Amino acid sequence: MSFDIGNPSIGLVFWTAVAFLLLLVLLRKFAWKPIMEAIGEREKSIEDALASAEKAKDEMARLTNENEQLLKAARAERDIILKEAKELKDQIVADAKVTAQTEGAKLIEQARKEIDDQKKRALAEVKNQVSSLSLEIARKVLQKEFEDGQKQEALVADLLKDVKLN
Amino acid sequence: MDFRHFFDSKKISFLAIFAVLATFSVTNSAKAAVADTAASVSHEAHGEEEFEPTKMIMEHISDAHDWHLWGHTSIPLPVILYTDKGIEVFLSSEFHHGEHDYQGKYYTYRLVDKKKIRVVGAGGEVDEAASQNVWDFSITKNVASMFLAVILLLLIFTSVAGAYKKREGKAPRGLQSFLEPIILFVRDDIARPNIGHKYARFMPLLLTIFFFIWFNNLLGLIPIFPGAANVTGNIAVTFVLAFIVLIVVNINGNKYYWKHILLPDVPWWLYPIMIPVELVGVISKPFALMIRLFANITAGHIIILSLISLIFVFKSLAIAPVSLAFVLFMNVLELLVAALQAFIFTLLTALFIGMAVEEHH
């Protein structure tokens with residue numbers, strides 16, 4: 001029975017060694033080295049891409065955070081400005097009111113004084129008129145008195161009637 | 001040595017259990033099959049045309065000087081003989097399947113048992129003394145099949161390497177995407193966990209061993225011409241592979257490795273026992289590699305051939321469906337075993353290298 005266990009043929013040993021070592025050398029140079037390098041490079045590039053993506057994400061988050069802070073600060077500032085403006089407005093309105101009131105009061109006072117003056121003057125005028133009229137009447141009465149006694153009496157009575165009407 | 005990482009993933013542990021089961025079932029049933037057929041041969045050892053399963057099976061799993069195609073047709077292979085007088089080269093067809101002797105330049109040769117080449121003396125009988133001077137370096141069926149595997153490997157992997165260069169940095173495609181996971185498997189699940197950070201130097205060896213064994217296993221499973229040779233089921237082939245592993249492991253062994261062998265951490269009076277045990281261990285590890293691969297692949301071939309033989313042993317066509325169902329099952333199992341044995345051989349190689357280069361702090 002020809003079985004190979006106890007009797008490995010020298011030819012097969014030789015050719016196996018030659019074939020395997022040749023295969024090892026050729027594949028190492030032309031296949032394994034480029035393949036392992038390419039795989040390694042690709043893995044590295046993927047890793048780098050992931051790392052840079054992570055970094056970009058962090059940067060993004062940082063920027064967003066910064067923006068938010070900025071926005072918050074701006075909002076706060078706006079609120080302060082608005083508040084100040086409102087206060088200022090109120091102040092101005094209040095001031096204006098006070099000024100207007102005092103001014104108005106002053107004007108009214110002035111007007112009142114003017115009116116009083118005018119009244120006084122008018123009254124004085126009236127008094128003058130009255131006095132001059134009275135004098136005129138008296139002179140006319142006296143003239144008539146000197147012309148005709150009867151008529152003088154009637155005149156006086158008439159005048160007196162007029163005076164009463166006045 | 002830490003073996004835990006093998007069982008880190010469920011996948012691997014499942015594979016390991018399957019491997020053990022498959023190995024046992026294959027070897028056990030192989031023994032049974034061989035015993036059965038041997039028994040049947042002894043019972044029916046009369047008549048010229050009697051079918052002898054053992055003879056048929058042994059012929060199929062043995063090496064040969066021609067590549068059998070069908071019937072009486074076979075491809076002649078070159079015979080290369082290194083004799084004490086010079087080198088002889090001729091085609092194996094000169095022997096006419098062992099029926100004729102061939103008159104060479106220096107001797108007359110005869111093919112004995114279809115594979116042994118012997119010198120024929122002047123009287124017409126085999127001259128064993130002269131045969132001692134003739135070394136057979138023929139391109140046999142196994143060598144031719146192995147060359148075919150080598151050419152296939154070279155073509156496939158140089159083209160894959162070209163694809164990496166052409167499509168640099170892009171996702172793999174086609175053959176490249178089929179082989180890349182396997183290459184990565186060898187790197188990430190075999191080399192890295194067992195060897196550690198120095199794994200890169202051993203990647204070419206591990207990848208070559210893995211794919212060489214796997215391709216030869218698969219070619220052996222093809223029942224017709226480009227395959228059918230029992231390359232990895234031949235002890236000479238597994239011997240060379242194991243011997244290369246032995247050399248690589250011991251060349252790369254660091255001082256801790258040699259200290260573990262020559263000055264183990266045991267009381268000095270145990271040295272006479274421990275040192276021989278450790279030295280035997282150096283040899284036995286690759287020896288186990290050699291036997292494991294040889295036995296598994298040969299057993300697989302024997303089982304399939306035995307199941308086919310059943311049809312002829314029973315001389316009944318009715319048995320054919322049953323036989324073929326079993327053959328189909330075994331073929332599928334052998335596809336698994338082909339990859340599994342390549343994996344185990346590579347894994348253990350990585351493990352032994354890892355033990356040799358491991359640093360102790």
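Being a predicted model, the structure only gives us computed values, none of them experimental.
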task: Check the pair Met203(B), Lys33(A) against side-chain contact (heavy atoms from CB on, under 4.5 Å), reporting the backbone distance first and the verdict last.
output: CA-CA 9 Å; Met203(B) 277 308 290; Lys33(A) 216 173 143 238; over 6 Å; no
task: Run the numbers on Leu22(A) and Val150(B) for side-chain contact (heavy atoms from CB on, under 4.5 Å), then give the verdict.
output: CA-CA 9 Å; Leu22(A) 197 69; Val150(B) 166; 5.8 Å; no
- request: Would you please test Val240(B) and Phe14(A) for side-chain contact (heavy atoms from CB on, under 4.5 Å) and show each step?
  value: CA-CA 8 Å; Val240(B) 172; Phe14(A) 170 75; over 6 Å; no
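Scanning for salt bridge (charged side-chain N to carboxylate O under 4.0 Å, His left out) contacts around Asp188(B) gives Arg192(B), with sequence neighbours left out.
Shown here is Glu47(A), whose CD atom has no more than 12 heavy atoms of other residues, nucleotides or ligands within 6.0 Å. Residue-environment remark: CD (Gln69(A)) exceeds the threshold of 12 foreign heavy atoms within 6.0 Å. Crowding of Phe90(B) atom CZ: a count of heavy atoms from other residues, nucleotides or ligands under 6.0 Å exceeding 12. In the displayed structure, Glu87(A) atom CD is contacted under 6.0 Å by more than 12 heavy atoms of other residues, nucleotides or ligands.
Ile35(A) has its side chain out of reach of Gln176(B): every pair of non-hydrogen atoms, C-beta onward, lies at least 4.5 Å apart. The side-chain heavy atoms of Ile39(A) and Tyr164(B), taken from C-beta on, include a pair separated by under 4.5 Å. Side chains of Leu205(B) and Arg28(A) form no contact here, defined as non-hydrogen atoms less than 4.5 Å apart. Put simply, the side chain of Leu23(A) does not reach to within 4.5 Å of the side chain of Met146(B), judged on heavy atoms.
Residues Phe157(B) and Trp32(A) bring their aromatic ring centres within 6.0 Å.
Proximity to chain A (any heavy atom under 4.5 Å) is shown, for Ile291(B), by neither the backbone nor the side chain. Contacts of Ile151(B) with chain A are absent, with no heavy-atom separation under 4.5 Å from either backbone or side chain. Contacts of Leu241(B) with chain A are made by side-chain atoms alone, with heavy-atom separations under 4.5 Å and no backbone atom involved. If you measure heavy-atom distances from Leu179(B) to chain A, you find no contacts under 4.5 Å at all. Contact annotation for Phe211(B): only side-chain heavy atoms (C-beta onward) come within less than 4.5 Å of a heavy atom of chain A.
A donor-acceptor pair under 3.5 Å is formed between the side chain of Trp15(A) and the backbone N or O of Phe137(B).
Options Leu21(A), Leu27(A), Leu26(A), Val18(A) differ in how many heavy-atom pairs under 4.5 Å they form with chain B, and the most are formed by Leu27(A). The residue among Val237(B), Leu184(B), Ile183(B) with the most heavy atom pairs within less than 4.5 Å of chain A is Val237(B). Options Thr158(B), Asp136(B), Val143(B), Leu207(B) differ in how many heavy-atom pairs under 4.5 Å they form with chain A, and the most are formed by Leu207(B). Annotation: maximal heavy-atom pairing with chain A below 4.5 Å, among Ile156(B), Ile139(B), Ile80(B), occurs at Ile139(B).
The structure places CD1 of Ile10(A) at 12.5 Å from OG of Ser138(B), a figure rounded to the nearest 0.5 Å. Of the inter-residue distances, the one linking Arg42(A) atom CZ with Arg167(B) atom CZ reads 9.5 Å to the nearest 0.5 angstrom.
In terms of heavy atoms, Ala236(B) sits closest to Ser9(A) at CB-O, 4.1 Å. Taking both residues in full, the closest heavy atoms of Ala161(B) and Pro34(A) are given as CB-CG, 3.9 Å, listed atom of the first, atom of the second, then distance.
Taking 4.0 Å as the cut-off between side-chain N and carboxylate O, Glu37(A) and Lys165(B) do not count as a salt-bridged pair.
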